[in-house]
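Letters A, B, ... are given to chains in the order of the sequence lines, protein chains preceding strands, and every chain is numbered from 1.
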Protein chains: 2
Amino acid sequence: MASKTIENYLKQIYLARQESRGKFIPMGRLANLMEVTPGTATTMVKALADAHLVGYEPRRGVKLSRAGEHLALHVLRRHRLVELLLVRVLKLDWSQVHEEAEEIEHAISERVLEAIDRLLGRPVADPHGDPIPTAGGKVHPQRFTSLATCPLDRPVRIVRILDQEPNFLRFVDQCGLTPQAIVRVQQRDPLADAVRLRIATDKSARCRILSGGVAARFLVRDP
Amino acid sequence: MASKTIENYLKQIYLARQESRGKFIPMGRLANLMEVTPGTATTMVKALADAHLVGYEPRRGVKLSRAGEHLALHVLRRHRLVELLLVRVLKLDWSQVHEEAEEIEHAISERVLEAIDRLLGRPVADPHGDPIPTAGGKVHPQRFTSLATCPLDRPVRIVRILDQEPNFLRFVDQCGLTPQAIVRVQQRDPLADAVRLRIATDKSARCRILSGGVAARFLVRDP
DNA sequence: CTTCCAATTTTGACTAATCAAAGTATACTG
DNA sequence: CAGTATACTTTGATTAGTCAAAATTGGAAG
């Protein structure tokens with residue numbers, strides 16, 4: 001069985017590849033994500049390569065092998081199903097479940113995972129809208145725009161938030177910018193790097209201003 | 001924070017003291033319970049003693065300190081609440097939850113624990129009837145007889161089973177000797193080491209014969 | 001009182017994961 | 001193209017937990 005540490009390295013490599021579409025993840029980036037020194041990351045990645053979980057090219061970086069990706073998706077499946085259990089069944093706060101799930105994801109067996117999946121009715125997304133890989137390791141491909149790029153003056157539905165930071169999520173919660181919320185982008189000012197939007201469900205008709213970077217963390221689709 | 005290993009040592013020392021009422025647990029016994037070599041147990045116990053979690057006297061054995069017992073009870077609380085969650089909410093089989101909880105007990109935070117406790121309605125016992133320590137570390141003292149010692153020909157209620165072995169629990173399940181079942185001991189034969197009993201809820205009026213040792217693993221009280 | 005045995009402790013070594021710091025390569029800058 | 005900054009790798013050391021095997025001891029049996 002893969003150790004907790006190995007599972008975390010593979011998960012981070014997988015997640016890093018999502019954003020920067022390049023094949024190889026540079027060591028420095030991985031070391032950062034894992035919060036270890038660069039030397040530690042190099043050592044560990046070489047061990048992962050020996051176990052055929054990743055491909056490693058010195059000074060270029062690391063990428064998942066078939067087997068590594070499979071394992072990473074499995075970890076992600078556990079993580080996201082646990083998050084949903086914590087929110088839906090144990091009524092934990094949306095903003096906190098990510099950190100809780102970080103630990104629990106390494107402790108649950110296939111049996112428990114299946115029981116959670118069944119109880120929750122085979123869900124396809126976690127509380128942040130992140131897709132839950134199937135038991136077979138498939139991820140439903142999402143191709144959403146974001147609040148930084150969607151058309152103006154048209155209502156859109158928030159479907160996913162690309163940030164797990166509790167403080168940020170608490171802010172998101174207070175604004176009402178949670179998944180399923182319907183919002184309309186009224187204006188974008190590229191020079192000021194500002195996005196002005198209105199939340200449909202918010203009767204007070206107040207506007208919100210977000211920076212472009214923050215707006216890009218909200219994925220949306222037609223309602 | 002105490003590591004998983006430390007938590008397990010403390011838990012085993014606590015559980016061992018329950019049975020053999022002597023103050024000190026001999027090293028050999030602990031090494032057995034932890035499935036490590038005696039040398040490993042000695043090394044580890046000396047480290048625990050340095051952390052003031054146990055008292056250690058060479059060649060006599062080990063016992064929990066106040067702090068160690070507190071931690072052990074906390075682990076046990078997590079273990080038993082998780083077991084109950086797995087049975088009641090996730091509908092897992094009674095006979096399997098012990099091994100599942102062995103892992104999960106080290107992964108859940110105070111917050112999650114509290115949420116489980118609330119969801120389950122502050123339960124006082126897990127699916128095997130083992131008492132759940134309170135958040136403050138109190139255990140409701142149980143003083144039950146067992147099927148090996150209770151009065152004959154009087155109905156009694158099974159309240160606890162002192163064995164977590166899946167095969168044994170499956171057998172218990174099939175017999176209907178689960179917690180809450182009402183049974184009557186009809187006869188004891190000390191020489192044959194046999195206990196004959198009838199299960200009240202079993203319409204077929206069939207009898208069961210258990211050895212004295214097995215009978216002693218079923219704690220009972222007046223219905 | 002000696003002998004011996006079984007339970008313990010000690011010793012030396014190993015694995016996984018980590019860090020600090022020194023060394024090396026790549027790429028940028030003039 | 002040389003010089004340097006940055007990113008990466010190597011090296012040597014550390015900690016937690018473990019084992020195998022040798023050394024010790026405390027008490028039971030003669």
Between [N] ([atom2]) and [X] ([atom1]): distance, integer Å:
X       : N      : atom1 : atom2 : result
B:Leu10 : D:dG17 : CG    : P     : 11 Å
B:Phe24 : C:dT8  : CZ    : C1'   : 15 Å
B:Ile25 : C:dA7  : CD1   : P     : 16 Å
B:Glu7  : D:dG17 : CD    : C1'   : 15 Å

Would you name the heavy atoms of [X] and [Y] that are closest together and state the gap between them?
X        : Y        : result
A:Met27  : A:Gly61  : CE-C, 4.0 Å
A:Ile104 : B:Ala107 : CG1-O, 3.7 Å
B:Gly136 : B:His70  : O-NE2, 3.7 Å

Carboxylate-amine/guanidinium proximity below 4.0 Å for B:Arg77 and B:Asp117: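 B:Asp117 and B:Arg77: salt-bridged.
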Could you tell me whether B:Arg17 and B:Glu69 have a side-chain N and a carboxylate O separated by less than 4.0 Å?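 A salt bridge links B:Arg17 with B:Glu69.
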Counterpart residues, side chain to side chain contact (heavy atoms under 4.5 Å, CB included), relative to A:Glu99 (two or more places apart):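 Partners of A:Glu99 under the side chain to side chain contact (heavy atoms under 4.5 Å, CB included) test: A:Pro166.
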From NE2 (B:His106) to OG (B:Ser3), nearest 0.5 Å: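 Reported to 0.5 Å precision, the distance equals 9.0 Å.
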Approximate separation, where rounding is to 0.5 Å, of B:Arg160 CZ and B:Phe218 CZ: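 Reported value, rounded in 0.5 Å steps: 13.5 Å.
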Distances under 3.5 Å only, N/O to N/O: pair up the protein atoms with those of nucleotides 14-16 of chain D.
none

Mark up nucleotides 3-9 of chain D, 5' to 3', with B wherever a protein heavy atom is under 4.0 angstrom from a base atom, S wherever such an atom reaches only the sugar-phosphate, and - elsewhere. ----BBB
Check whether any side-chain nitrogen or oxygen of A:Thr40 sits under 4.0 Å from OP1 or OP2 of C:dC19, and answer yes or no.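 For A:Thr40, the contact criterion (side-chain N or O under 4.0 Å from OP1 or OP2 of C:dC19) is met.
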